[in-house]
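Shown next, in structure tokens, is the structure this report addresses.
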Amino acid sequence: QVQLVEYGGGSVQAGGSLRLSCAISGYTYTRRFIGWFRQAPGKEREAVAAINVAGGQMYYDVSVLGRFTLSQDNAKNTVYLEMNNLKPEDSAMYYCAGTLRTDNIVWDHPTPYTYWGQGTQVTVSS
């Protein structure tokens, strides 16, 4: 059974950094698509970034472009989201999501993703 677990959330001041990890178990092949979403209280879940693990293509929402960076360690079956220059508006619960499909993925919509982690909280104070 495929499971995703997020790590690395916390509280930082504006301008600070955090690195989130998404550890994948139950599936070791690189043919997968991993996305990061976030949801703040009272707001809809929104896409942050995504990566085609096998092909290496990466996608970012315009709000995080230049501040957030995806990376992966296939040996550890883990995808990372490095978040720099954090802003209070980045505060949210962050979720990683996965699908074993890699073709025609609408990366910034939750529908294609089959597997979801439990979320990790990120709080940025001004």
Side-chain angles (χ1 to χ4, degrees):
Q1 183 178 354
V2 179
Q3 289 186 324
L4 306 179
V5 179
E6 303 94 337
Y7 300 96
S11 298
V12 297
Q13 290 190 330
S17 300
L18 286 172
R19 188 176 79 158
L20 304 183
S21 303
C22 176
I24 304 144
S25 63
Y27 185 81
T28 58
Y29 300 100
T30 58
R31 188 178 183 273
R32 56 181 180 260
F33 210 96
I34 301 295
W36 285 95
F37 289 75
R38 64 187 180 188
Q39 188 168 19
K43 295 188 176 181
E44 291 188 357
R45 188 168 297 191
E46 62 179 9
V48 176
I51 179 170
N52 181 336
V53 174
Q57 295 89 356
M58 300 180 188
Y59 309 86
Y60 297 93
D61 183 76
V62 64
S63 65
V64 305
L65 197 61
R67 300 188 298 122
F68 291 12
T69 305
L70 288 162
S71 62
Q72 57 183 323
D73 185 335
N74 290 338
K76 295 183 178 180
N77 234 17
T78 300
V79 171
Y80 303 98
L81 183 67
E82 183 78 30
M83 305 187 297
N84 297 314
N85 191 20
L86 282 161
K87 304 175 181 181
E89 52 264 42
D90 294 318
S91 296
M93 185 71 79
Y94 282 71
Y95 300 89
C96 70
T99 176
L100 304 186
R101 291 178 49 206
T102 57
D103 57 313
N104 299 317
I105 300 295
V106 181
W107 74 268
D108 57 350
H109 197 279
T111 299
Y113 298 92
T114 307
Y115 308 101
W116 290 81
Q118 82 290 349
T120 185
Q121 179 68 40
V122 171
T123 303
V124 185
S125 57
S126 57

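Since we're looking at a predicted model, the values are computed, not measured. The basis for the numbers below is simple: all heavy atoms, side chains too, and nothing from hydrogens, waters or symmetry mates.
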Test of ring centre spacing under 6.0 Å for Tyr115 and Tyr27: no
May I have the step-by-step check of side-chain contact (heavy atoms from CB on, under 4.5 Å) for Gln118 and Val5, ending in yes or no? CA-CA 7 Å; Gln118 82 290 349; Val5 179; 4.0 Å; yes
Taking the side chain as everything from C-beta on, heavy atoms only, tell me whether Phe33 gets closer than 4.5 Å to Ile51. no
Donor-acceptor contact present, side-chain Thr78 to main-chain Lys76, <3.5 Å: yes
Residue pair Ala14 / Pro88: nearest heavy atoms and the distance that separates them: CB-CD, 4.1 Å
Side-chain heavy atoms nearer than 4.5 Å, only ILVMFWY residues, links allowed to pass through others: does that put Trp107 and Val48 together? no
When you compare the side chain of Leu86 with that of Leu18, does any pair of heavy atoms fall below 4.5 Å? yes
Are the side chain of Asn52 and the backbone of Gly55 linked by a donor-acceptor contact shorter than 3.5 Å? yes
Please report the shortest heavy-atom distance between Tyr59 and Leu70, naming the atom on each side. O-CD1, 4.0 Å
Between atom CD1 of Ile105 and atom CD1 of Ile34, what is the distance when rounded to the nearest 0.5 Å? 11.0 Å
Joint hydrophobic cluster, Met93 plus Tyr113, side-chain heavy atoms closer than 4.5 Å: yes
Quick check against the 3.5 Å criterion: does Gln72 have a side-chain atom that pairs as donor or acceptor with the backbone of Val79? no
From CD (Gln121) to OG (Ser91), nearest 0.5 Å: 7.5 Å
In terms of hydrophobic clustering (I, L, V, M, F, W, Y; side-chain heavy atoms under 4.5 Å; direct or indirect links), are Val53 and Met58 co-clustered? yes
Just so I know, are the side chains of Glu6 and Leu4 near enough to count as touching, which here means a heavy-atom distance under 4.5 Å? no
How many angstroms lie between atom CH2 of Trp36 and atom CE of Met83, to the nearest 0.5 angstrom? 8.0 Å
Considering non-hydrogen atoms only, spot the tightest contact between Tyr60 and Ala49 and give its length. CD2-CB, 3.8 Å
Between Arg19 and Tyr80, is there a side-chain donor-acceptor contact under 3.5 Å, judged purely by atom types and distance? no
Do Arg67 and Asp90 make a side-chain contact, defined as non-hydrogen atoms from C-beta onward lying under 4.5 Å apart? yes
Is there a path of hydrophobic side-chain contacts, each under 4.5 Å between heavy atoms, that joins Val2 and Tyr95? no
Which heavy atom in Thr102 sits nearest to a heavy atom in Arg32, and how many Å separate them? CG2-N, 3.6 Å
Using the benzene-type ring in the case of Trp, are the ring centres of Trp116 and Phe37 under 6.0 Å apart? yes
So, does Ser21 use its side chain to make a donor-acceptor pair with the main chain of Ala23 at under 3.5 Å? no
Restricting to non-hydrogen atoms, name the atom on Gly9 and the atom on Thr120 that form the minimum distance, rounded to 0.1 Å. N-OG1, 3.1 Å
Looking at every heavy atom in both Asn84 and Ser17, which two are closest together, and how far apart are they? OD1-OG, 2.8 Å
Shared hydrophobic cluster for Leu65 and Val124 (ILVMFWY, side-chain gaps under 4.5 Å): yes
Given 3.5 Å as the limit, does a donor-acceptor pair link the side chain of Asn77 with the main chain of Ile24, or not? yes
Could you state the interatomic distance from OG1 (Thr114) to CG (Leu100), rounded to the nearest 0.5 Å? 6.5 Å
Evaluate Arg45 against Arg38 for side-chain contact (heavy atoms from CB on, under 4.5 Å), listing each step before the verdict. CA-CA 6 Å; Arg45 188 168 297 191; Arg38 64 187 180 188; over 6 Å; no
Might you confirm whether atom CD of Gln13 has over 12 heavy atoms from other residues, nucleotides or ligands at distances under 6.0 Å? no
